[in-house]
Number of protein chains: 4
Amino acid sequence: MKKKDTKGEILKAALNIFSQNNYHTTSMMMIAEEAGVSKGTLYWHFNSKEELFRELLLNGLDMFSSNFEKVAVEDISADEKIYKIIKFGVEVLVENAKTANILRNNVELISSEFQEKVEEKHNQSIDIFKKILEQGIKEETIKDCNPRNTAVMMLAVLFTSHADWLLEEFADIEKQIEFTYDFVMNGIRRKEN
Amino acid sequence: MKKKDTKGEILKAALNIFSQNNYHTTSMMMIAEEAGVSKGTLYWHFNSKEELFRELLLNGLDMFSSNFEKVAVEDISADEKIYKIIKFGVEVLVENAKTANILRNNVELISSEFQEKVEEKHNQSIDIFKKILEQGIKEETIKDCNPRNTAVMMLAVLFTSHADWLLEEFADIEKQIEFTYDFVMNGIRRKEN
Amino acid sequence: MKKKDTKGEILKAALNIFSQNNYHTTSMMMIAEEAGVSKGTLYWHFNSKEELFRELLLNGLDMFSSNFEKVAVEDISADEKIYKIIKFGVEVLVENAKTANILRNNVELISSEFQEKVEEKHNQSIDIFKKILEQGIKEETIKDCNPRNTAVMMLAVLFTSHADWLLEEFADIEKQIEFTYDFVMNGIRRKEN
Amino acid sequence: MKKKDTKGEILKAALNIFSQNNYHTTSMMMIAEEAGVSKGTLYWHFNSKEELFRELLLNGLDMFSSNFEKVAVEDISADEKIYKIIKFGVEVLVENAKTANILRNNVELISSEFQEKVEEKHNQSIDIFKKILEQGIKEETIKDCNPRNTAVMMLAVLFTSHADWLLEEFADIEKQIEFTYDFVMNGIRRKEN
DNA sequence: TATGAATGAGACTTCATTCAT
DNA sequence: GATGAATGAAGTCTCATTCAT
């Protein structure tokens with residue numbers, strides 16, 4: 001009784017292919033084959049390669065910024081918010097390693113119009129981080145840093161690294177969250193007693 | 001009486017073009033035009049587009065890892081080494097913004113053989129950082145973290161973020177170095193007195 | 001209680017679209033949208049794009065040749081026949097501007113088999129004109145020209161020109177008929193008294 | 001010692017193919033094969049299919065309007081000018097039957113920008129005819145007609161018909177010229193003595 | 001050394017047509 | 001009768017690469 005969800009199949013296939021390659025080395029043919037449909041079918045469901053890619057990438061970005069936002073408005077301390085965001089970030093990055101790869105493999109993109117949209121999302125996330133940091137400064141748990149630059153660094157830490165490791169040492173996500181949180185909060189210097 | 005250094009011109013042109021675009025959106029024609037030579041000339045000096053790109057990218061990576069290495073073997077404390085490396089990293093990233101862009105815009109690459117070489121360089125840098133961290137742990141100035149993961153994070157912090165800012169708040173490189181060093185060493189938590 | 005005349009709607013829509021574009025720039029999708037039906041419906045009523053187009057074009061051609069024929073067999077002088085045919089031609093061309101455009105925009109066509117059919121209709125019209133001219137020669141009102149070539153020229157005059165003008169000077173159809181008739185009958189030379 | 005004139009070969013091949021088919025039924029592949037070069041070579045010499053077609057069509061149109069202009073400024077009577085133009089038109093149309101076919105087969109075209117250029121050339125020719133007719137009216141050899149409409153008709157007569165016949169009855173171009181001239185000047189009515 | 005014409009594989013995309021529902 | 005998803009052939013165009021000069 002259930003209809004075939006071809007569009008879903010295509011998106012799944014595209015996720016696979018785009019995460020292993022990048023926008024330019026991925027061809028519509030590759031996606032069609034992975035999805036088990038014809039090239040024409042791709043164009044029935046999406047107007048262009050870019051539109052298909054957009055849907056994937058923007059969905060991915062949304063997954064982050066929307067959740068960041070949710071944490072940001074909770075009625076908890078900045079410290080807890082940072083922990084939650086890192087926890088969420090690491091978990092999602094691990095579970096959606098493919099999406100994360102698409103994000104990573106396509107920093108640079110196609111049409112500038114599109115690029116702007118991506119940057120906008122990026123800036124949204126940075127703004128959210130910034131506000132949390134400002135809250136923390138007011139609460140006197142975060143030191144009086146430049147919030148914007150610090151936000152950029154936190155995002156860099158969150159996005160750049162995790163997928164690379166998992167296969168190696170941190171099979172244990174919990175440890176990875178702790179590690180990341182500690183790095184961001186305390187840095188690497190040994191506290192002298 | 002000095003001959004035209006055509007190969008040099010080509011490399012300079014390629015640096016310009018590759019830093020504004022990426023590997024796949026850059027065509028040999030664009031490079032030839034920028035260099036003021038014909039496409040054929042490109043192929044006299046380089047066997048392929050990939051080889052030309054390789055020279056640029058690998059040179060860029062070398063610039064970092066070789067200097068990291070130099071710092072690593074100096075007879076100074078780990079703490080000082082970290083400072084020097086960050087200082088060097090930020091300065092070079094700023095001065096060689098174009099090369100840095102190539103690195104950023106082409107995380108993902110072409111042939112897997114090439115990709116391995118890039119990863120190898122990357123791992124070299126990580127190893128150097130790791131050793132410095134281990135030195136620091138022994139010296140008891142760095143806390144007892146997982147050195148490899150910490151090294152990855154330091155590299156992420158160093159590479160991902162700087163170009164974005166410069167135009168904005170940190171016209172002053174010194175401040176940027178301080179900021180980065182402080183972030184890595186102490187994190188963002190406020191020290192209670 | 002009248003049923004929806006879907007086939008009629010399709011033909012009307014096709015007339016609109018084909019008259020603004022031409023066979024190759026008109027897609028089945030465009031016609032389907034204009035008709036407010038799905039592409040599948042088009043294929044229920046017509047076996048192919050060509051068949052749909054054929055119906056339109058051949059209908060258009062028929063409108064002319066059948067009326068020409070009617071005039072041809074009337075019991076009037078050749079002179080009167082020519083006037084009637086020009087009158088009819090101009091009027092119909094004006095009223096059925098869309099059909100006329102289809103005729104004009106698709107001189108060259110698709111399958112040669114089809115093309116032959118179009119040429120056949122064309123030749124039918126020429127033959128009718130030829131006979132009228134021969135009648136006129138016998139009646140000594142038409143000069144002793146080559147009737148076939150003259151017929152071709154009359155058809156050219158009739159079909160090629162009218163649509164272009166209407167918007168300009170001849171809002172008045174009567175004048176246009178007079179002008180065309182005079183051009184064909186008397187040419188442009190001034191009669192000397 | 002003579003170099004291969006590849007661009008010339010391509011144009012010749014394109015003329016062949018475009019005159020037998022039309023813009024949309026002619027593919028770049030067909031032209032490449034006819035010219036004995038690869039598809040890529042077409043794009044070395046022309047930026048697009050449209051540009052290639054443009055060169056052919058606009059050249060063709062120029063051939064006419066430029067020669068019309070030359071006749072128009074000669075110091076002869078309007079009557080003689082008309083004869084010369086018809087003579088030239090018929091001769092060229094016959095010799096360049098292929099170009100003439102391209103003109104005929106592509107009344108409707110591609111980009112509207114292009115279409116405007118074609119219409120401009122068309123209007124140029126009409127203007128030239130108009131001026132000649134006005135001269136004739138002043139000289140009292142042409143009757144007092146509407147010059148613009150008459151010009152349109154003359155052009156229609158000139159362009160629509162000739163190629164079709166030659167194969168048939170008028171192997172003799174001279175006769176064809178006479179016939180056309182007579183049709184335009186005197187129409188078909190028999191002069192009564 | 002240098003050029004630029006030529007090549008051909010492969011990319012994106014369109015669209016007439018089919019067919020299960 | 002009608003729908004719309006699916007197909008696949010065919011078309012335009014790009015571009016790394018080669019090669020005769």
Quick one: [X] [atom1] to [N] [atom2], roughly how many Å, whole number?
X: A/F46; N: F/dA6; atom1: CZ; atom2: C1'; value: 15 Å
X: A/L52; N: E/dA11; atom1: CG; atom2: P; value: 16 Å
X: A/M30; N: E/dG10; atom1: CE; atom2: P; value: 13 Å
X: D/F53; N: F/dG11; atom1: CZ; atom2: P; value: 17 Å
X: C/E9; N: F/dG1; atom1: CD; atom2: C1'; value: 15 Å
X: A/I17; N: E/dA11; atom1: CD1; atom2: P; value: 13 Å
X: B/E33; N: E/dG4; atom1: CD; atom2: P; value: 11 Å
X: D/K7; N: E/dG4; atom1: NZ; atom2: P; value: 15 Å

Practice task
For C/T25, check side chain to side chain contact (heavy atoms under 4.5 Å, CB included) against everything at least two apart and list the hits.
Solution key: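 By the side chain to side chain contact (heavy atoms under 4.5 Å, CB included) rule, C/T25 matches C/N21, C/N22, D/H24.
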Exercise for the section: Quick one: list whatever passes side chain to side chain contact (heavy atoms under 4.5 Å, CB included) with C/S65, sequence neighbours left out. Expected result: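 Expected list: C/D62, C/K121, C/Q124, C/S125.
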Handout entry: Closest-nucleotide 5' rank along DNA chain F - winner of A/G36 and C/L42
Key =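 With C/L42 and A/G36 compared, the 5'-side residue is C/L42.
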Hey, is the side chain of [X] poking within less than 4.0 Å of OP1 or OP2 on [N], counting only N and O atoms?
X: A/H45; N: F/dG4; value: no
X: C/T41; N: F/dA2; value: no
X: B/W44; N: E/dT1; value: no

Handout entry: Minimal non-hydrogen separation, C/F46 against C/E51, with atom names
Key =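 Reported closest heavy-atom pair: CA-OE2, 3.8 Å.
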Handout entry: Heavy-atom pair with the smallest gap, counting every atom of A/F159 and A/L103
Key =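 A/F159 and A/L103 have their closest heavy atoms at CE2-CD2, 3.7 Å.
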Handout entry: Watson-Crick or G-U pairs under 3.5 Å in DNA chain E, rendered as dot-bracket with [ ] for crossing pairs and | for another strand
Key = .||||||||||||||||||||
Problem - Over 12 non-hydrogen atoms of neighbours within 6.0 angstrom of NZ in C/K98 - result: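 Not buried by this count: 12 neighbours or fewer within 6.0 Å.
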Practice task
Let me see the working for D/L57 and D/F114 under side-chain contact (heavy atoms from CB on, under 4.5 Å), right down to the final yes or no.
Solution key: CA-CA 10 Å; D/L57 187 63; D/F114 188 14; 3.8 Å; yes
Handout entry: Those residues that, when tested against A/E120, pass side chain to side chain donor-acceptor pair (under 3.5 Å) (two or more places apart)
Key =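 Checked A/E120 against side chain to side chain donor-acceptor pair (under 3.5 Å); zero matches.
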Fill in the blank from the handout: Per-nt protein contacts along nucleotides 15-21 of chain E (heavy atom under 4.0 Å; B base, S backbone sugar-phosphate only, - none) come out as -BBB---
Problem - Close side-chain approach of B/M63 and B/N96, heavy atoms under 4.5 Å - result: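 In short, these two side chains touch, coming nearer than 4.5 Å.
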Handout entry: Side chain of C/T6 (C-beta onward), nearest among F/dA2, F/dT7, F/dA5
Key =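 Nearest listed nucleotide: F/dA2.
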Practice task
For D/Y23, check ring-ring contact (aromatic ring centres under 6.0 Å, His included) against everything at least two apart and list the hits.
Solution key: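 In terms of ring-ring contact (aromatic ring centres under 6.0 Å, His included), with neighbours along the sequence ignored, D/Y23 is linked to D/F53.
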